[in-house]
Number of protein chains: 2
Amino acid sequence: MEGEDAEQRVLAAAEVLFYGQGIQAVGMDAIRTASAVPLKRLYQIFPSKDSLVEAYLRRRDARWLSELGEYVASHDSPTQRVLAVFDWLFQWFNEPDFRGCGFINSYGELGARSQPVAEIARAHKQAFRHYVADLVAAAEAPSWLADHLVLLAEGAMSTAAITGSAEPARQAKDAARILLRTARAEFGTAQPDQGSREK
Amino acid sequence: MEGEDAEQRVLAAAEVLFYGQGIQAVGMDAIRTASAVPLKRLYQIFPSKDSLVEAYLRRRDARWLSELGEYVASHDSPTQRVLAVFDWLFQWFNEPDFRGCGFINSYGELGARSQPVAEIARAHKQAFRHYVADLVAAAEAPSWLADHLVLLAEGAMSTAAITGSAEPARQAKDAARILLRTARAEFGTAQPDQGSREK
DNA sequence: CCAAGCGGAGAACGTGCGTTCTCTGCCAGA
DNA sequence: TCTGGCAGAGAACGCACGTTCTCCGCTTGG
């Protein structure tokens, strides 16, 4: 049974094309050609372009967070894990087809017209924030630090996309290190945890 | 002669519509209706939609930076000026038709297809970075602080757009305050003079 | 070997939109 | 007043694209 296979091929094609060129710039014909799934079958699986777009975003949301989580989990200390987020961003920005955050892009393109798209983007960013907040809590830093780190990460994505450089990830990591250190100092962290407590 | 007037009306309509709904979502007919400029005249002024889009972006670039500059200049001390950037963002985010950074949005929508759009977005972000760098230099902080503050500002724009809240501007300002304080402490602000000591 | 239906390939249809064209009325100058 | 052209309003054109339809070959059960 290749029904599953066809759906996966469509989603894979959609992700590459929608992310790489923008959603409105990609026609269903391009999806068909790239996935080698006939239009009839394509419309059996996804009854409209809108539904395919939503599926694309949901899939990307899940993959993005799981890849980030996997990378971060390979680090040991809570502090390292917080900073690993920015190392992962650096890697991502260096991928040749990096073109910014797919959710910010989709929101900018369709968010004003499509409530589902806006909602998925919002949910994705909220999930990311929660994930960072957990890392921050594990590193025994105040919860507002998570907001600051998220802003740095989001800014790095946009800036890296437009400038075409991965450097913003490094800059964001530097800033994150300073904020993390300062936050814990002000917070009066009882547990040094790494012995990396200065000042 | 109302030739000038027609052009201004077209640009005003284009800014509201393109920014508010996305570029591809707005047809030339909508521009015509909103500006009350007949299509014939419209195409005399802007020979194609692409050229109108570019004019829209260039005008928005100039206005955005000049409004920011005006607000910031109304503050006295160099430190206040640096932080005033985030107050201005807060005001902007609270405007009812705020929908994120028009350049990030345009880049996400068209940057992959249109080199001019990508170039204008890049130039805009570079100009913003230079502006912040000047403020940072005046506040006698190390130049890398400008990169950090720009990331916070960009992140605040995206996050405010997607969440629909102006709160990110406040969070970014808090983070900026910490980074500014820390940067000057580490930098040893003993010599006010130029503050141009690197790394 | 036959018939019935399923899946693939792409043509066809309707709509929206960027751009151009046509028609109509108005005003300048003789 | 007459005429020549200009500007406005919107129809028309061509194309792209989302969605549906048609045709055809293959398979599968009798």
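Just so we're on the same page: letters track the sequence lines, and every chain starts at 1.
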Looking at [X] and [Y], does any basic side-chain N land under 4.0 Å from a carboxylate oxygen?
X: A:Arg81; Y: A:Asp76; answer: no
X: B:Arg9; Y: B:Asp5; answer: yes
X: B:Asp174; Y: B:Arg177; answer: yes
X: B:Glu15; Y: B:Arg59; answer: yes

In whole Å, what is the span from the [atom1] atom of [X] to the [atom2] atom of [N]?
X: A:Leu39; N: C:dA12; atom1: CG; atom2: C1'; answer: 12 Å
X: B:Tyr43; N: D:dG10; atom1: OH; atom2: C1'; answer: 14 Å
X: A:Phe46; N: D:dT19; atom1: CZ; atom2: P; answer: 13 Å
X: A:Gln44; N: C:dG8; atom1: CD; atom2: P; answer: 8 Å
X: A:Leu42; N: C:dG7; atom1: CG; atom2: C1'; answer: 14 Å

Residue A:Lys40, side-chain heavy atoms: nucleotide from D:dA7, C:dT19, C:dG8 that is nearest: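 Nearest listed nucleotide: C:dG8.
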side-chain N/O A:Arg41 vs C:dG8 OP1/OP2, d < 4.0 Å: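 The answer is yes; a side-chain N or O of A:Arg41 sits under 4.0 Å from OP1 or OP2.
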Distance below 4.0 Å between B:Lys49 side-chain N/O and C:dG18 OP1 or OP2: yes
Positions of residues 15-38 of chain A (non-hydrogen atom under 4.0 Å from DNA chain D), listed by number: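 Close to the strand are A:Val26, A:Gly27, A:Met28.
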Member of A:Tyr71, A:Trp92, A:Tyr56 meeting the ring pair (Phe, Tyr, Trp, His ring centres under 6.0 Å) criterion with A:Trp64: A:Trp92
B:Glu95 CD to B:Phe90 CZ distance, which is reported to the nearest 0.5 Å: 12.0 Å
